[in-house]
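The structure under discussion appears below in the form of structure tokens.
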Amino acid sequence: MRPLRLHRLSGLTGLVHNRTVRLAVTGLSGSGKTAFITSLVSNLLNTAGGPGRFPFLRSAAERRVIGAKLLASDDGTISQFPVHDTIAALADDPPHWPPSTTDLRRVDLSLRFAPNGLIGRAAGGSAELRLEILDYPGEWLLDLPLLGRSYHEWSRAALDLARRGARGPLAAEWLDFVGRHPANGDGDAVVAQRAHDLYRAFLAACRAREQLSLLQPGRFLNPGQIADPSLLWFCPVPFAIGARARPGSLGAIMEARFETYKRAVVQPFFMRLARGVDRQIVLVDVLRSLNAGEAAFTDQRLALETILEAFRFGRRSPLRLLFGARIDRVLFAATKADHVPALQRDHLEALIANLVAVPTLRASQARARVAAAALASIRCTEDGTDVIDGRKVDVVVGLPQGGSRRIRFFPGIVPVTPPPTGFWGERFTEFPIFQPPRIEGAGGDGVPHINLDKALEFLLGDALA
Ligand SMILES: Nc1nc2c(ncn2[C@@H]2O[C@H](COP(=O)(O)OP(=O)(O)OP(=O)(O)O)[C@@H](O)[C@H]2O)c(=O)[nH]1
Ligand SMILES: [Mg+2]
């Protein structure tokens, strides 16, 4: 493989139908975005001259990819995605996972290929596909729905949610505090900050103890590089129905900060993230939430619906209206499918298809092509069998992170539809974090995966035809 050097786009003479595709990688924190981008880039760089690890990417299998290289981004406002570091993490001894993302990052890739159409062949030339991908902390995605809400609406919905189910006990201290400091009371900055701190601690507990997903605003858990931290010092407060915040009151301080946060932080972020996007992959770690139990599973589903509602496809899509995104292909993918053996991966694919039935319908009405898949960006296991209670069962075999021996892991049966209430009695066995496979220095011969090439064929096949 060629070394990972950055090139500027050089002379384009002689090329035919050059094109740029912006791929939106959408997923909550920990869903596998960084792993997906790392594996995608590393494997694409290995497709020049042959299929590499992408036999189901047609252009690669047909040996039509002539050259693949990283490009220096011409966008001075977004840092480069650290491809070298993420690949180096997999090449380390022992290999390890790249860390969780803390800021917006961008990677641009150029694929030069021989078009297979008549015109392309007749011209005898090559074409260039420029692929642009952004990576970001998954928590921030949940801020998108805030753009369409007033502070009063958001406060009401957030308080409602906080009083229910697994959240209730974790919210007690914050709810008690905001109950004792009414919204129409005097706007005291110290009280506002204390209320914010308690609310943020509540969000952190929802994540750490219950593995919940619908945690807003995103930057309360992952602030990134925010110039003025006081922008974040707000939280929902209870308002009397129909009441407006009196100028100078606690409610008014909170409302002003919420609106500034949306305007100064959320809007510019989505402007950069969603501008001109034409393809989208939505990554969902379904196995983790199944494993964590009913509350986590239901909450992940709610978070996903909230995001996809904001992504609503078609002409009236907020993303299109606000940022000019025209998404015409969407792939919903259940990630980390190497935690389960082959047959269960089919179940996983059926389950994700089922979970996104409504957005799928919406997208296809808007004439977008939609598909569902189960994939593993970085395959850490092999399929095997074991005998449990005298019965032969399918397992996956891999090395747990930090372990010295490979284990045979039986993950249980993945349901093909969202499990009914009774199912949750038999929880999955805790999923191990598997050590990623070790790859050669500069990317070697790519990264092992499951179905990444099929996903890419769906998302980009037409652009490489
Ligand atoms: N077995 C396995 N584990 C994976 C795979 N992809 C991701 N993981 C695990 O999931 C963790 C999170 O993956 P990331 O790619 O960092 O997730 P992310 O969406 O970028 O998360 P944020 O940066 O926090 O938004 C990794 O550290 C791995 O432990 C995969 O294909 N197989
Ligand atoms: Mg990440």
Side-chain angles (χ1 to χ4, degrees), residues 24-43 53 79 81-83 85-87 89-90 92 94-107 133-143 204 207-208 211 213 215 218-219 221-224 269 273 281-289 291-292 300 303-304 307 333-341 344-345 348 373-383 395-403 406-407 409 411 430-439 446-453 455:
V25 180
T26 308
L28 296 169
S29 171
S31 57
K33 298 179 295 300
T34 301
F36 172 82
I37 297 169
T38 301
S39 181
L40 187 77
V41 170
S42 166
N43 283 323
R53 289 189 186 265
S79 320
F81 177 86
V83 180
D85 296 347
T86 55
I87 290 181
L90 299 177
D92 215 354
H96 56 91
W97 291 98
S100 172
T101 311
T102 54
D103 220 333
L104 183 61
R105 303 269 182 234
R106 169 171 172 166
V107 59
I133 307 176
L134 295 172
D135 193 23
Y136 53 91
E139 292 91 346
W140 297 2
L141 204 54
L142 279 161
D143 282 348
R207 173 146 91 176
Q211 301 201 39
S213 305
L215 307 169
R219 305 225 180 203
L221 292 176
N222 195 339
F269 169 63
L273 189 67
I281 181 164
V282 181
L283 302 177
V284 192
D285 187 356
V286 184
L287 289 172
R288 184 189 59 86
S289 67
N291 182 44
Q300 186 192 54
L304 202 61
I307 293 166
T335 52
K336 311 180 194 177
D338 57 331
H339 279 105
V340 296
Q344 300 304 316
R345 295 199 282 273
L348 190 58
L375 60 81
S377 305
I378 301 178
R379 183 177 194 164
C380 310
T381 67
E382 288 158 24
D383 289 0
V395 296
V396 292
V397 187
L399 181 65
Q401 185 167 266
R406 280 157 50 102
I407 57 165
F409 175 67
E430 191 74 28
F431 277 94
I433 296 178
F434 286 110
Q435 179 176 298
R438 185 156 184 227
I439 62 168
V447 179
H449 64 88
I450 298 170
N451 288 342
L452 204 57
D453 46 355

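Side-chain atoms are counted along with the backbone in the values below, which use heavy atoms only and exclude waters and symmetry mates. Atoms within each ligand, like the ligands themselves, are counted from 1 in listed order.
Protein atoms that are N, O or S and lie under 2.8 Å from the Mg ion (ligand 2) are these: T34 OG1, T101 OG1.
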Check the pair F434 / H339 against ring pair (Phe, Tyr, Trp, His ring centres under 6.0 Å), numbers first and verdict last. CA-CA 9 Å; F434 286 110; H339 279 105; 5.5 Å; yes
Stepwise salt bridge (charged side-chain N to carboxylate O under 4.0 Å, His left out) test for D285 and K336: CA-CA 7 Å; D285 187 356; K336 311 180 194 177; 2.8 Å; yes
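Taking atom 24 (O) of ligand 1 as the reference point, the nearest protein heavy-atom neighbour is S100 OG, 2.7 Å. Protein heavy atom at the shortest distance from atom 21 (O) of ligand 1 is G30 N, 2.9 Å. What sits closest to atom 14 (P) of ligand 1 on the protein, heavy atoms only, is G32 CA, 3.7 Å. The protein non-hydrogen atom at the shortest distance from atom 4 (C) of ligand 1 is W97 CH2, 3.4 Å. Regarding atom 18 (P) of ligand 1, its nearest protein heavy-atom neighbour is K33 N, 3.4 Å. Nearest to atom 30 (C) of ligand 1 among the protein's heavy atoms is I378 O, 3.4 Å. Distance from atom 11 (C) of ligand 1 to its nearest protein heavy atom, with residue and atom name: K336 NZ, 3.9 Å.
At least one N or O atom of T34 sits closer than 3.5 Å to an N or O atom of ligand 1. For ligand 1, none of its N or O atoms has an N or O atom of F36 under 3.5 Å away. Some N or O of A35 is nearer than 3.5 Å to an N or O of ligand 1, by distance alone.
Close contacts between ligand 1 and S377 involve ligand atoms 31 (O) [criterion: under 4.0 Å to a heavy atom]. The atoms of ligand 1 that sit less than 4.0 Å from any heavy atom of C380 are 1 (N), 2 (C). Those atoms of ligand 1 that come under 4.0 Å of a heavy atom in D338, given as number and element, are 1 (N), 2 (C), 30 (C), 32 (N). Shown in contact with A376 at under 4.0 Å from a heavy atom are these atoms of ligand 1, numbered in order with element: 31 (O). Close approach to G138 involves these atoms of ligand 1, each under 4.0 Å from a residue heavy atom: 25 (O).
By the 4.0 Å heavy-atom criterion, L28 is counted among the residues contacting ligand 1. For T335, the heavy-atom gap to ligand 1 stays at 4.0 angstrom or more. Residue G27 places every heavy atom at 4.0 Å or more from ligand 1.
Residue T34 forms a side-chain contact (heavy atoms from CB on, under 4.5 Å) with just one option from P98, P82, S39, and that option is P98.
To the nearest 0.5 angstrom, L452 atom CG is 11.5 Å from T335 atom OG1. In this structure, OG1 in T38 is found 7.0 Å from CD1 in I87, a value given to the nearest 0.5 Å. Distance CD1/I378 to CH2/W97: 4.5 Å, rounded to 0.5 Å. A distance of 7.0 Å separates CD of Q435 from CD of Q401, quoted to the nearest 0.5 Å. The CG atom of D92 sits 10.5 Å away from atom CD1 of I439, with the distance rounded to the nearest 0.5 Å.
Using a 4.0 Å cut-off between heavy atoms, H339 contacts ligand 1 through its side chain alone, with no backbone atom that close. Under 4.0 Å from ligand 1, the heavy atoms of I433 that appear belong solely to its side chain. Counting heavy atoms closer than 4.0 Å to ligand 1, residue P137 contributes backbone atoms (N, CA, C, O) but none from C-beta onward.
For the pair I407/P400, a side-chain contact is recorded, criterion being any heavy-atom separation below 4.5 Å from C-beta on. Between S213 and R288, the closest side-chain pair of non-hydrogen atoms falls below 4.5 Å. No side-chain heavy atom of V41 sits under 4.5 Å from any side-chain heavy atom of T86. By the 4.5 Å heavy-atom criterion applied to side chains, V25 and D135 are not counted as neighbours. The side-chain heavy atoms of T381 and F409, taken from C-beta on, include no pair separated by under 4.5 Å.
Nearest heavy-atom pair across L28 and K33 is O-NZ, 3.1 Å.
The aromatic rings of F269 and W140 stand perpendicular to each other, their planes meeting at an angle above 60°, with 30° marking the opposite boundary.
Remark: the backbone N or O of R53 is not paired with any side-chain donor or acceptor of N43 at under 3.5 angstrom. The backbone N or O of A374 sits less than 3.5 Å from a side-chain atom of N451, completing a donor-acceptor pair.
Closest to atom 23 (O) of ligand 1 by heavy atom, among T101, T102, L287, L221, is T101.
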